Amino acid sequence: MELHLYNSLSRQLEPFRPIDPAGRRVLFYTCGPTVYDYAHIGNFRSFLNADVLRRTLELLGFEVRQVMNMTDVGHMTEDDRADGGGEDKMAVAQMRLSEAKKSGRLPEGTDLDPNDPTAVAQFYIDAFLEDARRLGLRVVADADRDPAVMPRPTRYIAEMIALIRTLIDRGHAYVGADGVVYFDVQSFPAYGRLSGNTPDRVRSGEGGRVDAATQNLKRHPADFMLWKPDPRHVMRWPSPWGEGYPGWHLECSAMAIALLGAETGGVIDLHSGGEDNIFPHHECEIAQACGATGRTEFSRYWFHTRFLLVENEKMSKSRGNFFTVRDLVQRGASPAAIRLELIRTHYRSNANFTFQGVRDSQRQIDRWARLDDWLERHAAAPLPMPGAGPLEQAMAPFTRALCDDLNIAGAVAALNEAAGAWPVDRAPDAGAGPRTFADERRALRRMDSVLGVLDLSRDAAPEEGGDAARIESLIRDRIAARAAKAWQRADAIRDELLAMGVEIKDGPEGTTWRRVLSATPSP
Ligand code: AMP
Ligand code: ZN
């Protein structure tokens, strides 16, 4: 089966065929987080959709080399402007953390020095990796083996300087009246092909915001910054154009070429990001990469995820609907449910994150986990039907749906239709095979290799269980209190557990507990 993917560059569905002559290896660059704060679930929607695409490619037999950067310098607050503007987001993080430190509100368990930008970046990198691992991003597992698959730009300054030199040599870049090195968009006729924001549209003010302050210093208002000399910037390096820092767009081009394009003349197969990355970020990445390599293509396919809304509203701190993965876990959501909730809407539609949706996702995962257990229990038993069982047969429609531009809802429907054939609350009918329930379980697991929730739901308890030991200990205290007829104390413990998002149940086999999702944070 062949994957058909919507390519934002051609604005149509295209059969996916990699550059590799053997048709196996896929070179995939994902624009990662800027590590100046905790990543929010909108960011994770974009990373998770990239992960589902990668897993789909792997299901189809491709060998995916995915690189995802973690931006630790040069991403400016006004990145919707063609040439950037505002402040470096890392400096914003430093200010925020200095304030927090003064009022004793630094993130728990840290003695972070806000004056040290490397330490600030490292703090949020660690947090990001923890969240990404919880949500099962495969690129993080790769990074455990080879850290270069999750590069930080501050370690690729030499590559960026070399890229700028090449662009200047090839007549695509120049030093402006302010000493800043700019990309010359008029030297690259394809500028605007991805976003529609051609130099003419930018000049007329229709294509993105224009920075009035730099207007007269550049050849064209759409020219964007590659290197900015600035002896006061949070982080700076020596360069032929003075001590300063690289532009955010340049970073991704340089790292993608260095880490993925070595054998292909700087061309990659696939590039992903959120819809807001199309302009200016990806438009500029293409101009730089093609300008430097002399090729007409940078990435053959461009994959963009539409924005996530929360309870039908744009996420924002002031609306109080701005969630991180850790916020949701604190409110009792399992990482598996968060993952499913963030991937189950088609990537080219806005998704709407709701607490009810997380509950539904959890119920869905519980049903699959129950089926998985049941199939395992009966693994050795022959199937009651001749030939392949329903789950094995569902592999074809499941894969076909994903091959149709990642129709995840169609894939889940194919899985559920097959799953419904098995009576998980009783023993299966006797059969003669030749297939066994182990074959059915293998098919379920193969479908889950794309959805990625079953193992997460199994691993979650010990991993997220920073508080599991405390929960168990409170339950023991409560049992002791009840035995001593200290009812008030027992009730107080129950309330304390509830505040932690944990519900307990007393049954004939003792006290059991489960996490419940609350829409308000536990104190
Ligand atoms: P940043 O950390 O700002 O560099 O963003 C990281 C990624 O998250 C980028 O690919 C953005 O396009 C993406 N992104 C930001 N907000 C959202 C959102 N609400 N929904 C989906 N993706 C988003
Ligand atoms: Zn990028």
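Both ligands and their constituent atoms are indexed starting at 1 by order of listing. Please read all numbers here as calculations on a predicted model, not as lab measurements.
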Cation-pi, F62 ring and R24 (6.0 angstrom, 45 degrees)
no
Distance under 6.0 Å and angle within 45° of the ring axis: does R348 meet both against Y6?
yes
Looking at [atom], what's its closest protein heavy atom, distance included?
{"atom": "atom 12 (O) of ligand 1", "answer": "D276 OD1, 2.3 Å"}
{"atom": "atom 14 (N) of ligand 1", "answer": "N43 ND2, 3.6 Å"}
{"atom": "atom 2 (O) of ligand 1", "answer": "T34 N, 2.9 Å"}

Verify the distance test for H249 against the Zn ion (ligand 2): any N/O/S atom under 2.8 Å, yes or no.
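No, H249 does not qualify, because none of its backbone or side-chain N, O or S atoms lies under 2.8 Å.
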Near the Zn ion (ligand 2), is there an N/O/S atom from C252 that is less than 2.8 Å away?
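Coordinating: yes.
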Any idea which of K89, R306, H282 brings a heavy atom closest to atom 3 (O) of ligand 1?
K89
Between the candidates G42, G274, G32, which shows the shortest non-hydrogen contact distance to atom 23 (C) of ligand 1?
G42
What do the steps show when you test Y191 against F188 for ring pair (Phe, Tyr, Trp, His ring centres under 6.0 Å), and what is the final call?
CA-CA 6 Å; Y191 189 87; F188 185 69; 7.3 Å; no
Atom indices of ligand 1 within 4.0 angstrom of [X] heavy atoms, with elements:
{"X": "M315", "value": "19 (N)"}
{"X": "P33", "value": "2 (O)"}
{"X": "L308", "value": "18 (C), 19 (N), 20 (N), 21 (C)"}

Could you tell me if any non-hydrogen atom of H40 lies under 4.0 Å from any atom of ligand 1?
yes
